[in-house]
Amino acid sequence: MLLEIKDIHVHYGKIEALKGVSLEVGEGEIVTLIGANGAGKTTTLKTISGLRNLSSGSIVFDGKDISRLPGHKRVLVGIGQSPEGRGVFPGMTVTENLLMGAYARRGDFSKDLDEVFELFPRLAERKNQHGGTMSGGEQQMVAIGRALMSKPKVLLLDEPSMGLAPMLVAQIFSIIKRINERGTTVLLVEQNAQQALQLAHRAYVLETGTVVKSAPAADLLDDPQVREAYLGGALGQH
Ligand SMILES: Nc1ncnc2c1ncn2[C@@H]1O[C@H](COP(=O)(O)OP(=O)(O)O)[C@@H](O)[C@H]1O
Ligand SMILES: [Mg+2]
């Protein structure tokens, strides 16, 4: 497994947000983590990228225990994150925002920039525009592109479809698929369970800080409990 999370507990003060979460992501997979608001999805991703500390448990990445590795070093070992709410720098141009993603690397980034612009032609057209003037969907593209600039082995995406119009949601999901087909492993957190399950190979369901289900994504699309709780009932379409 590329990424193995074993029984992690994470606290905000006295509140235990993750109560022993275990999950695995294999090389080349798209794995999705679904669950209601407050379930602990963002906390899980932040703990993997090192923005939150774990109280116990472990995170093994690429065969190494990274549980105590500082966040900025996790970028170097191959963990890239596109955060919830995007975090685009409003006063920087699109290109400058993208280059921020490569800050921890050396060398010539022009080829990597070209690859991002090829994935997101919209960003190529607007490369000199300030981040703050971009639409929500475009900012999401900048956030994903910036994470790709660190050349991650695993890309962590926190609700990339949040707040986007349906057509843009479809576009973002198809780009995630392409990123994966080009060889990047993806851990995708989504409230949009229907589309996330259609895209992913495997899925975990998180409820109040605990994994309650894990299965091939296609199985969860047909799971009556999952349909009831996350897919709008028994007659939802897929
Ligand atoms: N900065 C914070 N301070 C205190 N509690 C937090 C903080 N961030 C998240 N929590 C709590 O941790 C739990 C998990 O939150 P989160 O990981 O953001 O869930 P999700 O991303 O699934 O909506 C929730 O109960 C939330 O209220
Ligand atoms: Mg969240």
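Heads up: numbering here begins at 1 and tracks the sequence. Heavy-atom basis, side chains included; hydrogens, waters and symmetry copies ignored. Indexing begins at 1, ligand by ligand and atom by atom, following the structure's order.
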Strictly under 2.8 Å, is any N, O or S atom of N37 next to the Mg ion (ligand 2)? no
Nearest protein heavy-atom contact for atom 19 (O) of ligand 1: which residue, which atom, what distance? G40 N, 3.1 Å
Single-linkage hydrophobic cluster, 4.5 Å side-chain cutoff, L187 and V75 together: no
Can you confirm whether some protein heavy atom lies under 4.0 Å from atom 26 (C) of ligand 1, or whether none does? no
Under 3.5 Å, is there a donor-acceptor pair between the side chain of E138 and the main chain of R122? no
Does an N or O from K41, backbone or side chain, lie closer than 3.5 Å to an N or O of ligand 1? yes
Would you check whether G13 reaches within less than 4.0 Å of ligand 1, judged by its heavy atoms? no
Numbering as shown, the atoms of ligand 1 that approach A17 to under 4.0 Å (heavy-atom distance): 12 (O), 13 (C)
Top protein contact for atom 3 (N) of ligand 1, by heavy-atom distance: Y12 CD2, 3.6 Å
Has K41 got a side-chain atom pairing as donor or acceptor with A36's backbone, closer than 3.5 angstrom? yes
I'd like to check which ligand 1 atoms, numbered from 1 as shown, lie under 4.0 Å from a non-hydrogen atom of T43. 14 (C), 15 (O), 16 (P), 17 (O)
Do the side chains of K19 and T208 get nearer than 4.5 Å, heavy atoms only? yes
Please check if M149 and V186 belong to a single hydrophobic cluster, counting links between Ile, Leu, Val, Met, Phe, Trp and Tyr side chain heavy atoms closer than 4.5 Å. yes
Using a strict cut-off of 4.0 Å, indicate which atoms of ligand 1 neighbour a heavy atom of T42. 17 (O), 18 (O), 20 (P), 21 (O)
Under 4.0 Å from any heavy atom of A36, which atoms of ligand 1 are there? 22 (O)
Do you reckon I66 sits in the same ILVMFWY cluster as V25, going by side-chain contacts under 4.5 Å, direct or chained? yes
Looking only at atom types and distance, does a side-chain atom of T184 sit under 3.5 Å from a main-chain N or O of K153, one as donor and one as acceptor? no
For S82, does its backbone N or O pair with a side-chain atom of R146 as donor and acceptor, under 3.5 Å? no
Would G38 count as being in polar contact with ligand 1, using the rule that some N or O on each side must be under 3.5 angstrom apart? yes
If you measure only the distance, is there a donor-acceptor pair under 3.5 Å linking the side chains of D158 and T42? yes
Can you tell me if, anywhere in E84, an N/O/S atom lies at a distance from the Mg ion (ligand 2) that is smaller than 2.8 Å? yes
Taking 4.0 angstrom as the limit and counting only heavy atoms of N37, give me the atoms of ligand 1 inside it, by number and element. 23 (O)
